[in-house]
Amino acid sequence: VTVLCGATPGRHFVQFFEGGTEVYEESDFDVAALFVKVAGAHSARRFSMPTAEHCDEEALREAVAPVHFWVNGVAPGSLVLVALVGVPSQAMPLVLEALAPL
């Protein structure tokens, strides 16, 4: 599996590959986001995150709550593809905490 992601002014992209084949692609979005996918025949999910300007504790906890719910549905030992694009540094501890059970 391979994850490619990046951000430049005005251009963001995420690509997930499994077995050399692209299985998910999203580009030209203008939000901070966490992208996740369980390898195999599963859909990718995008969780929008607050931007640096709007990253207060309440907004961040509200954004991360669905991530906890998604993580709880992932079978133990599953291979998970993860991409973080434009997520502000102050959001990283709570995002990584939500993903930690994986």
Side-chain angles (χ1 to χ4, degrees):
V1 295
T2 303
V3 175
L4 296 175
C5 62
T8 60
R11 170 115 166 91
H12 297 78
F13 73 93
V14 172
Q15 294 174 295
F16 292 157
F17 294 85
E18 296 179 36
T21 302
E22 183 180 79
V23 295
Y24 179 79
E25 185 272 333
E26 189 165 345
S27 61
D28 295 329
F29 53 93
D30 60 354
V31 297
L34 163 66
F35 297 83
V36 291
K37 182 186 181 304
V38 175
H42 303 279
S43 297
R45 292 284 315 266
R46 178 175 95 175
F47 299 99
S48 294
M49 295 288 142
T51 61
E53 300 83 38
H54 301 100
C55 195
D56 62 47
E57 188 75 18
E58 182 179 335
L60 184 54
R61 290 200 180 279
E62 186 176 303
V64 173
V67 178
H68 285 282
F69 182 77
W70 182 84
V71 167
N72 287 336
V74 175
S78 294
L79 180 61
V80 178
L81 293 85
V82 176
L84 294 145
V85 180
V87 177
S89 59
Q90 62 266 40
M92 294 303 285
L94 282 178
V95 173
L96 294 176
E97 178 183 305
L99 296 172
L102 299 175

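Counting from 1, the numbers follow the sequence of the chain as shown. The model shown is predicted, which means the values in this text are computed figures rather than measured ones.
Among all heavy-atom pairs drawn from A63 and S48, the shortest one is CB-O, 3.7 Å. Minimum heavy-atom separation, A32 to P88: CB-CD, 4.3 Å. Here the closest heavy-atom approach between residue A98 and residue P101 is recorded as O-CD, 3.4 Å.
Between V3 and K37, the closest side-chain pair of non-hydrogen atoms is not below 4.5 Å.
Using a 4.5 Å cut-off between side-chain heavy atoms of Ile, Leu, Val, Met, Phe, Trp and Tyr, with links allowed through other members, V38 and V82 fall into the same hydrophobic cluster. Linking Ile, Leu, Val, Met, Phe, Trp and Tyr whenever their side-chain heavy atoms come within less than 4.5 Å leaves V14 and L84 in two separate clusters. Put simply, L94 and V71 are part of the same group of oily side chains (I, L, V, M, F, W, Y) that touch within less than 4.5 Å, one to the next. Under the 4.5 Å side-chain heavy-atom criterion for ILVMFWY residues, no single connected hydrophobic cluster contains both V74 and L79. Note on L102 and V87: same hydrophobic cluster, where clusters join Ile, Leu, Val, Met, Phe, Trp and Tyr whose side-chain heavy atoms are under 4.5 Å apart, directly or indirectly.
Aromatic ring orientation, W70 versus F47: perpendicular (interplanar angle above 60°, classes split at 30° and 60°).
Once rounded to the nearest 0.5 Å, the distance linking CZ of F17 with CG of L81 reads 11.0 Å. If you take OG1 on T2 and CZ on F16, they are separated by 11.0 Å, rounding to the nearest 0.5 Å. Separation of atoms NE2 (H68) and CZ (R61) is listed at 8.0 Å; rounding is to 0.5 Å. Taken to the nearest 0.5 Å, the CE atom of M92 stands 10.0 Å off from the CE atom of M49.
Partner of E26 under the side chain to side chain donor-acceptor pair (under 3.5 Å) criterion, out of H12, R46, Q15: R46 alone. Just one residue in the list N72, V95, L99, V36 forms a side chain to side chain contact (heavy atoms under 4.5 Å, CB included) with V67, and that residue is L99.
Every residue two or more places apart in sequence or in another chain was checked for a side-chain hydrogen bond (donor to acceptor under 3.5 Å, both in side chains) with S78, and none qualifies.
The local environment of CD in E62 is sparse, with at most 12 non-hydrogen atoms from other residues, nucleotides or ligands closer than 6.0 Å.
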